[in-house]
Structures are given as C-alpha cells and as structure tokens.
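So the structure is just underneath, and the comments pick up after that.
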Amino acid sequence: MRIDVLTLFPEAFAGPLDVSIIKRARDAGLLDLHYHQVRDFATDRHRSVDDYPFGGGQGMVMRVDVLDRALAEARAEAEEPGLVVLLSPQGERLTDGLVRELAREPRLILVCGRYEGVDERFIEHRVDREVSIGDYVLTGGELPAMVLIDAVTRHVPGALGDEASPEEESFADGLLEHPQYTRPAEYNGWGVPEILLSGHHANIEKWKKAQRLERTRARRPDLLEPPPGG
Ligand code: ADE
C-alpha cells in the first residue's frame, strides 16, 4: 500500500513511523510512505500557504491553490490516483470499520490541515473523505495522520507477521480485551486468576469471553448497543 502525506511538517513524522511494526512493514515493502512539503508549492515571495478568511473571523485558512498544486504533484508520482483523505475535527469518526475500509485502498493521500482550517473549495472538489480521530481539537492533522497510518498498516496483509491477525483483537468482534498476565505468577503478593494456571483450556476460553463481556459492559456499554438503524 502506498500512502502520501501532504503536510507543512514532514519532519514530525520521523520517529513514530520509523519504529517497530510500521518500520518492519516499510522495510518489507508492504507500506510505501511518501511525504510532501506543502510549502514547496507556494508561489509568492513569502511562500505563504494560508491567508485571512473571507468574511472575517479568527485565524488563517489554508489556500486552495497551494494545496491543489501539492496534491497534483503528489498524485503524479504514481499511476494509482489514490483516495484523498483530509484529517480534520469536522470529519467522520475514525473507527475500526473505517480503518478496515481504508486499508483496502491501494493508495491513500492524506492531507494534514493546519491553522483554523482548509478552504472549502479544496474539500469540495478534491477530498474524498474527511476523517476525525475524536471529538477534541489538535493543533494540526499530523498526529491524526500518524494514528491513521498506524491503524491502517496493521491491516495490511503480512504487516503483523505470520501468525498474528488483527481479527483476533479487540473490536474485531466489538468487545474489549480480557485482562492479561504473564510470569511471575506471584509478585508482591499479587496473584494471577487461578483459572489461567489450571491448564483447562475450555474453561479458560469461557473465562476470557466472560471477562471481555464484563469489561465491555462496565467500560463501553455503547459497544454492546445495536448500531443506529441496524
Ligand atoms: N485536526 C485537528 N484536530 C483533529 C482531530 N481531532 N482529528 C483529525 N484531525 C484533526
């Protein structure tokens, strides 16, 4: 899968996406990441990428012309046109379902908004999906883009290694995870649930399922409700 990122801060991506599973996926050629500096597509003397909003109001708005040139250039780097995703608090919520949908795309082009927003004409004519990672406002779309890249990469076949599968995890069946323990079996007087040491696999599986249900009921009862309209 190819992912292009349009951003004013490409340097912000070094680090989080250069370690662990994402690094391995990139090294294995499963994830092909490309960053594009939006400022390189500014044409005026000051290299401005934003301007005051028409009609007044707070803050600055990212310019449609600069973004559009950046997008055209990024797009031209590969044959696949790519799905254009704008990260913004106005977007639809990033859920496990949306992550899986996006992971099926051969190419994503992520646009990181900055300042107070993005000229609506760019959104209307160029953006396919507008995505938010939650109901809070961050200073820009860079961290949300990293979150999206991380979540999507886990669903790229082979990225988690041979045995591991995202199907066996939380949210695949809409439930939270059961608690986990490892050695030592006792630490500081703190034990481990007896059942896990019993070797009785059928009972252990029953216990895990009950724990998952109980946790979900206690912490995220919303996950147990039927989806709206369904
Ligand atoms: N940009 C600023 N806040 C954001 C959010 N919560 N999700 C996606 N992009 C954002």
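All ligand and atom numbering here is 1-based and tracks the order in the structure.
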- Please name all residues satisfying side chain to side chain donor-acceptor pair (under 3.5 Å) with Arg93, sequence neighbours left out, ordered by chain then number.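 Expected list: Asp135.
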Please tabulate, one line per pair, the protein nitrogen or oxygen atoms found under 3.5 angstrom from a nitrogen or oxygen of ligand 1, with distances to 0.1 Å, or say none if there are no such pairs.
| residue | atom | partner | partner atom | Å |
| --- | --- | --- | --- | --- |
| ligand 1 | 3 (N) | Leu138 | N | 3.0 |
| ligand 1 | 6 (N) | Gly134 | O | 3.1 |
| ligand 1 | 6 (N) | Tyr136 | O | 2.8 |
| ligand 1 | 7 (N) | Ile133 | N | 3.0 |
| ligand 1 | 9 (N) | Ser88 | N | 3.1 |

- Message: Once salt bridge (charged side-chain N to carboxylate O under 4.0 Å, His left out) is applied, what residue pairs with a partner in residues 29-40 remain, sequence neighbours excluded?
- Response: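 Sorted pair list: Asp40-Arg47.
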- Drop me the distance from Ile21's CD1 to Arg154's CZ, to the nearest 0.5 angstrom. 7.0 Å
- Query: Are any non-hydrogen side-chain atoms of Leu87 and Val147 less than 4.5 angstrom apart?
  - Reply: no
If you look only at distance, which donor and acceptor atoms sit under 3.5 Å apart when one is on a side chain in residues 178-203 and the other is two or more places apart or in another chain?
| residue | atom | partner | partner atom | Å |
| --- | --- | --- | --- | --- |
| Ser198 | OG | Ile195 | O | 2.6 |
| Ser198 | OG | His200 | N | 3.1 |
| His200 | ND1 | Asn203 | N | 3.2 |

- Item | Where Ser88 and Glu130 come nearest, the two heavy atoms and their spacing |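 Minimum heavy-atom contact is OG-OE2, 2.7 Å.
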